[in-house]
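For reference, positions follow the sequence shown, starting with 1.
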Amino acid sequence: MGLAEHTDPGFIVSLVQDMDGGLQILTHQGKWINVHIPPHAILIQLGDQLEVYLFIYLFSYIRADDHQLVFI
């Protein structure tokens, strides 16, 4: 249960996580790791639109991260 692997279509995505957590990010080695966001912190992620913008206008290849949500 949760939300399958995906990237976010927006420009920038902000996330405030509850006490249970559940966010995982895919490493370059293909392993899922848990993300621990400190209390009262906001996680900022790059979205697909920003990835395209950076590539087209700045010739910089920064990828939006693959992530998933799981119920803990």
Side-chain angles (χ1 to χ4, degrees):
M1 242 178 144
L3 190 58
E5 174 183 345
H6 66 281
T7 58
D8 294 314
F11 197 74
I12 294 178
V13 179
S14 60
L15 174 69
V16 177
Q17 186 167 281
D18 63 11
M19 297 301 290
D20 294 330
L23 178 65
Q24 294 182 330
I25 293 182
L26 187 63
T27 67
H28 295 290
Q29 293 81 21
K31 182 178 177 183
W32 289 103
I33 57 171
N34 293 324
V35 175
H36 301 285
I37 302 172
H40 309 293
I42 298 174
L43 175 71
I44 305 295
Q45 295 178 306
L46 301 181
D48 295 337
Q49 289 179 2
L50 182 56
E51 177 183 335
V52 171
Y53 174 83
L54 291 173
F55 182 74
I56 291 173
Y57 295 104
L58 301 178
F59 304 107
S60 174
Y61 192 70
I62 300 174
R63 289 200 60 235
D65 62 330
D66 292 318
H67 56 279
Q68 66 182 5
L69 301 173
V70 295
F71 289 113
I72 298 176

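With rounding to the nearest 0.5 Å, the separation of CD1 in I12 from CG in L46 is 7.0 Å. Distance OG1/T7 to CG/D48: 3.5 Å, rounded to 0.5 Å. Considering CG of D8 and CD of Q49, their distance stands at 11.0 Å, rounded to 0.5 Å. Remark: L15 CG to L23 CG distance equals 6.0 Å, nearest 0.5 Å.
Linking ILVMFWY side-chain heavy atoms closer than 4.5 Å, directly or via other members, places V52 and L50 in a single hydrophobic cluster. L3 and V13 fall into different hydrophobic clusters, where Ile, Leu, Val, Met, Phe, Trp and Tyr side chains are chained together by heavy-atom contacts under 4.5 Å.
Atom CD1 of I42 has 12 or fewer neighbouring heavy atoms from other residues, nucleotides or ligands inside a 6.0 Å radius.
Closest non-hydrogen pair, V35 versus Q17, comes out as O-NE2, 3.7 Å. Minimum heavy-atom separation, S14 to I44: CB-CD1, 3.7 Å.
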